[in-house]
Amino acid sequence: MSENPPPGDPNTGRNPDPNYPQNPPQNPAGGYPPPPAGGYPPPPPPNYGQPGNPQQGGAPNMPGGYPPPPGYGAPGSYPPPPGQGGYMPPPPPGYGPPAQPPPGFGGPGGVPRLTVGDALGYAWNKYKANAGVWIGILLVIVLIEVALNLIFGRDSDSMDLASFYTLWSVIGTIVSVVVGYLVNAALVRGALHELDGNTPTIGSFFQFTNVGAVILASLLVGLMSGIGFLLLIIPGIIIVFLTWWTLQFVIDQQQDAIPAIKSSFGAISQNVGPLALLTLALIALNIVGFLLCLVGLLVSYPVTIIASTYAYRVVVGGRVAP
């Protein structure tokens, strides 16, 4: 027997017929096709392309899928997109307007600074722009005082002391005091118009409605100051200083008498240094105005009212119109 097998198909032992196609190879057991040239590609990962696979856009952390990459977040932890449910993403650090300094201490951001120079400069500019109105209201006040003296005044040639204590004189004293309270309130009202950016007129000085609070607050301040001056003068000076802004709180913030006094005490006591310097400067200004044949008071007194009201608005953080 020959050692070499006869040519032909090893399965059938027949020679291949070039005119007859050979049967295609059969799949092995299990139905898999024969491997292609180069071998099979690596098998895909489990559940590839199914929900839960982030490579195919599936939902993260679904059963059978890949876990989400680090930092991807847990289901339900994402905020809704902007515009849905009112959600707006927080701004990045440092975004937005700069923090404002506390009222009354100035600095960047347009908040005025409480200094003597700023207060006097502001008051002078406002007075200069509306000097005619301020001089006019002061002349009206002088005419009112003259009329009250003529109506309720005592005959200067009479030496009868009893005339001071007649009922008419008592009524005249009360009326004069009340009118004085209202005149002070009118000047404060005019200064507040300046701070609001409104040019005051003669009539606008009397645009306040809480007359009862004005009278009661002024009366209480007068009584406290009088008692303080009886106690060696210095307590009276302190009370006058700490109640300086009582009418500003009554008129500008519509406070009642006692709350306005407390507000004035609190605001001024927290800014004693700059306000004490401003007070001394205003006293000196009015002394100069008095020495100029009283005519200088037509300038110094309105400047004093506007400057003190400016200081009030700066300390409480109110409006200060340019």
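Since the model is a prediction, treat every value here as computed from it, not as a measurement.
Taking the side-chain hydrogen bond (donor to acceptor under 3.5 Å, both in side chains) definition, one finds that Ser300 meets it with Asn286, sequence neighbours left out. Not a single side chain to side chain contact (heavy atoms under 4.5 Å, CB included) links Ala129 to another residue, sequence neighbours left out. Looking at residues two or more places apart in sequence or on another chain, you find a side-chain hydrogen bond (donor to acceptor under 3.5 Å, both in side chains) between Gln207 and His193. Contacts of Leu280 classified as side chain to side chain contact (heavy atoms under 4.5 Å, CB included), with partners at least two apart in sequence or in another chain: none. Residues satisfying the side chain to side chain contact (heavy atoms under 4.5 Å, CB included) test with Val299, not counting sequence neighbours, are Trp124, Tyr127, Val303. Considering only residues two or more places apart in sequence or on other chains, Glu194 meets the side-chain hydrogen bond (donor to acceptor under 3.5 Å, both in side chains) condition with Asn130, Trp134. Asp256 is linked by a salt bridge (charged side-chain N to carboxylate O under 4.0 Å, His left out) to nothing, counting only residues two or more places apart in sequence or in another chain. Taking the side-chain hydrogen bond (donor to acceptor under 3.5 Å, both in side chains) definition, one finds that Thr115 meets it with Asp118, sequence neighbours left out.
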For a side chain to side chain contact (heavy atoms under 4.5 Å, CB included) check, start with the C-alpha distance between Phe205 and Ile141, then their side-chain angles and the critical distance, and finish with the verdict. CA-CA 11 Å; Phe205 279 81; Ile141 291 172; over 6 Å; no
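Distance check: Leu247 CG to Tyr312 OH gives 11.0 Å after rounding to the nearest 0.5 Å. Between the CD1 atom of Ile137 and the CG atom of Leu298 there is a distance of 12.5 Å, given to the nearest 0.5 Å.
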Throw together a table of side-chain donor-acceptor distances under 3.5 angstrom for residues 215-228, partners on residues two or more places apart or in other chains.
unit_1: Ser218; atom_1: OG; unit_2: Val214; atom_2: O; d: 2.8
unit_1: Ser225; atom_1: OG; unit_2: Val221; atom_2: O; d: 2.8

Which atom pairs, donor and acceptor, lie under 3.5 Å between side-chain atoms of residues 234-245 and protein residues at least two apart or in another chain?
unit_1: Thr243; atom_1: OG1; unit_2: Ile239; atom_2: O; d: 2.7
unit_1: Thr243; atom_1: OG1; unit_2: Val240; atom_2: O; d: 3.4
unit_1: Trp245; atom_1: NE1; unit_2: Ser308; atom_2: O; d: 3.3

Using residues 315-322 as the side-chain source, report each donor-acceptor pair under 3.5 Å to any protein atom, sequence neighbours left out, with the distance given to one decimal.
unit_1: Arg319; atom_1: NH1; unit_2: Asp196; atom_2: O; d: 2.9
unit_1: Arg319; atom_1: NH2; unit_2: Asp196; atom_2: O; d: 3.3

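With hydrogens and angles disregarded, no donor-acceptor distance shorter than 3.5 Å links the side chain of Asp252 to the backbone of Gln248. Of the possible donor and acceptor atoms, one in the side chain of Ser269 sits under 3.5 Å from a partner among the backbone N and O of Phe265. Remark: the backbone N or O of Ile261 is not paired with any side-chain donor or acceptor of Ser264 at under 3.5 angstrom.
For the pair Pro302 and Leu297, the tightest heavy-atom approach, listed with the atom from each and the gap, is CD-O, 3.5 Å.
Within the hydrophobic cluster formed by Ile, Leu, Val, Met, Phe, Trp and Tyr side chains joined at under 4.5 Å, directly or through other members, Val288 is accompanied by Leu292.
None of Ile171, Thr173, Val170 except one satisfies the side-chain contact (heavy atoms from CB on, under 4.5 Å) rule with Phe152; the exception is Ile171.
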